[in-house]
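Here is the structure we will look at.
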There are 2 protein chains.
Amino acid sequence: MPPGRRERKKAATRQKIADTALRLFLEHGYDAVGIRDVANEADVAVTTVFSHFAAKEALVFEQDQDFERRLTGAVTGRAPGEPLLPGLRRETHALVRHCTGSGAAPIWRMIDASPALREYEDSMRLRHAESLAAAIAADPGLSQTATAARALARFVIDAYSVAREADDPEAAVDEIFHMIEAAWEVAGAAPGPRGAVPADGR
Amino acid sequence: MPPGRRERKKAATRQKIADTALRLFLEHGYDAVGIRDVANEADVAVTTVFSHFAAKEALVFEQDQDFERRLTGAVTGRAPGEPLLPGLRRETHALVRHCTGSGAAPIWRMIDASPALREYEDSMRLRHAESLAAAIAADPGLSQTATAARALARFVIDAYSVAREADDPEAAVDEIFHMIEAAWEVAGAAPGPRGAVPADGR
DNA sequence: GAACGTAACACTAACGGTTAGGGTTTAACA
DNA sequence: TGTTAAACCCTAACCGTTAGTGTTACGTTC
């Protein structure tokens, strides 16, 4: 797909590093594999690893940008006048299903076993919540406060996070989104600085 | 107050380390001060610092256990039949007021300037959310699902976190808690595995 | 198509948080 | 008073991460 040979080589190097890292991590455990091991096995220099990935933990969450894009896309890519939450609920369902699928099980077992990886995922989720809040706040069809937008974004991310660990993840998504819909309905009503009337500036 | 001399000396050492660290951090910046600097200035060994604090970042959030105790206390320490959310809202107000007070301003400025500190605070909040969820789930007067309890706990922590950064923090607490109350009212109603019993104690 | 600019990568060496190992003091208690 | 163990010290490392400095080879331009 990418036209230049340079970009293709770069992508190949990145992919080789990520694949090698994940394989070594799953074989010997995340903590038992050092960055120098990954670099040697992938036949690159240590500095090259860090030019592709910001930190060791990022090797595990290689495709987290898809996550973010899909969530914000559920906000920005909907038809005018269409309500916000059904699309977010649908996307959350898809993400939870993807994470609890059988193929991802060993990876998540590894993540749950490593405090560093869990912490990294936590702050990753908060970044996603920020992006989602920005997308919600930028929607011209919504009249809620910036505070309500940020709160809603956090709630949605929470839904994903809590549901992923629940006994019945799919049911948990629905359960939490039921709560979120109630919260979103009253947002901007009584105690916000903004009036409940749409299209009101400031 | 603590009876033993040993415990008093230990507490004094811990306090001396924390005070020294905070002073150096505020004087020269968090990144510019190393653990070895803190240890030298406090006249202890580096290993002693880490026997009192799990990580460098923990030196800044010295009294985070109070935070957790106050939140869970708002759940466990209320009169029987008393509703859950007013107490949590009151406590969140107090915490936000405490964090946005003028005395804490330089500390929060330092935290906001350091990615490591921000990330540490993020995962700290999640720990608190877990404790809060456990306290809520353990309350015999509540009939909600474990999933709903975890979601509510996250929402409350979110309220604190979002409100702390809002233009008008106090108003933001009320705004978000308005949303949370709506969410909590419908929790356990339609799609939960547990019965929709609206319950005894109001 | 030769020359140039630069992006990607390599190598070395270090920095800083963190921990293991092993030893010393001293409070607590029988 | 003697014993135990907690708190502390010191040294030496480990490991993630980065700065500094070249080197290669792709893309571009004349």
Side-chain angles (χ1 to χ4, degrees), chain A residues 1-18 20-22 24-25 28-62 110-111 114-121 123-124, chain B residues 1-18 20-22 24-25 28-62 110-111 114-121 123-124:
Chain A
M1 246 46 140
R5 175 179 303 165
R6 185 172 251 171
E7 293 176 49
R8 264 184 292 116
K9 284 201 175 183
K10 179 175 181 180
T13 301
R14 180 195 161 91
Q15 198 60 43
K16 183 174 186 183
I17 294 171
T20 304
L22 195 55
L24 292 181
F25 290 161
H28 309 103
Y30 179 77
D31 290 322
V33 177
I35 286 286
R36 293 163 177 88
D37 300 327
V38 174
N40 283 341
E41 186 82 6
D43 199 29
V44 295
V46 171
T47 46
T48 302
V49 175
F50 282 104
S51 77
H52 285 277
F53 300 91
K56 184 190 181 189
E57 297 91 42
L59 289 165
V60 175
F61 300 97
E62 194 217 340
M110 174 181 77
I111 294 169
S114 159
L117 286 176
R118 279 209 309 273
E119 187 163 336
Y120 188 85
E121 203 232 336
S123 66
M124 210 178 65
Chain B
M1 257 19 172
R5 174 179 301 164
R6 184 170 248 171
E7 293 178 49
R8 265 184 292 116
K9 283 199 173 182
K10 179 177 182 179
T13 301
R14 180 196 162 91
Q15 197 61 41
K16 184 173 186 184
I17 294 171
T20 304
L22 194 57
L24 291 181
F25 290 159
H28 309 102
Y30 179 76
D31 290 323
V33 177
I35 286 287
R36 293 164 178 87
D37 300 327
V38 174
N40 283 340
E41 187 82 6
D43 200 30
V44 295
V46 172
T47 46
T48 302
V49 174
F50 283 103
S51 77
H52 284 277
F53 300 92
K56 185 191 181 188
E57 296 92 43
L59 288 165
V60 175
F61 300 96
E62 192 220 339
M110 174 181 77
I111 293 169
S114 159
L117 285 175
R118 279 208 310 272
E119 186 163 336
Y120 187 86
E121 203 231 336
S123 66
M124 210 178 65

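Below, chains carry the letters A, B, ... as their sequence lines are ordered, and counting in each starts from 1. Reckoned from all heavy atoms, side chains included, excluding hydrogens, waters and symmetry mates.
- Distance A:Arg5 CZ to D:dT24 P: 18 Å, rounded to the nearest Å.
- At least one side-chain nitrogen or oxygen of B:Thr48 sits closer than 4.0 Å to the OP1 or OP2 atom of D:dC9.
- For B:Ile35, counting side-chain heavy atoms from C-beta on, the closest listed nucleotide (C:dG17, D:dC26, D:dG16) is C:dG17.
- Closest to the B:Phe50 side chain, of the nucleotides C:dT18, C:dC11, D:dT17, is C:dT18.
- B:Glu119 places its CD atom 14 Å from the C1' atom of D:dT17, with the value rounded to the nearest Å.
- Between A:Phe53 atom CZ and D:dG16 atom C1' there is a gap of 16 Å when expressed in whole angstrom units.
- Listed nucleotides: C:dA27, C:dC9, D:dT17. Nearest to the side chain of A:Val46: D:dT17.
- Residue A:Ala55 has its side chain nearest to D:dT17 when only C:dT18, D:dT17, C:dA27 are considered.
- Shortest non-hydrogen contact noted between B:Val33 and B:Val38 is CG1-CG2, 3.8 Å.
- Per the geometry, NZ belonging to B:Lys56 stands 15 Å off P belonging to C:dT19, to the nearest Å.
- Nearest heavy-atom pair across A:Val49 and A:Ala39 is CG2-CB, 4.0 Å.
- With hydrogens and angles left out, the side chain of B:Arg36 and the base of C:dG16 share no donor-acceptor pair within 3.5 Å.
- The two residues A:Ala116 and A:Glu57 make their nearest non-hydrogen contact at O-CG, 3.9 Å.
- Backbone-only engagement by B:Val33 is indicated by non-hydrogen atom pairs under 4.0 Å involving sugar-phosphate atoms exclusively.
- Residue order along DNA chain D, read from the 5' end via each residue's closest nucleotide, puts B:Val44 first among A:Tyr30 and B:Val44.
- The closest side-chain heavy-atom distance from A:Glu62 to A:Arg14 is below 4.5 Å.
- Minimum atom distance to the side chain of B:Thr47 is reached by C:dG21, of the listed C:dC11, C:dG21, D:dC15.
- The separation between A:Asp31 atom CG and D:dC14 atom P is 17 Å, rounded to whole Å.
- Distances shown here put a side-chain N or O of B:Lys9 below 4.0 Å from the OP1 or OP2 atom of C:dA27.
- Nearest to the side-chain atoms of A:Lys10 among the listed nucleotides D:dT17, C:dG17, C:dC9 stands C:dC9.
- Nucleotide C:dG17 holds its P atom 10 Å from the CG atom of B:Leu59, rounded to whole Å.
- For the pair B:Arg8 CZ and C:dT26 P, the interatomic distance rounds to 16 Å; values are reported in whole Å.
- The side chain of A:His52 contributes an N or O atom lying less than 4.0 Å from OP1 or OP2 of C:dC9.
- Between the base of D:dA6 and the side chain of B:Arg6 there is a donor-acceptor pair shorter than 3.5 Å.
- Using a 4.0 Å heavy-atom criterion, one finds that B:Asp37 contacts no nucleic acid atom at all.
- One can place CD of B:Glu57 at 11 Å from C1' of C:dT18, the figure rounded to the nearest angstrom.
- Shown here for B:Ala58 and B:Phe53, the closest heavy-atom pair between the two residues is O-CD2, 3.8 Å.
- Relative to the six-membered ring of B:Tyr30, B:Lys56 meets both conditions, a distance below 6.0 Å and an angle of at most 45° to the axis.
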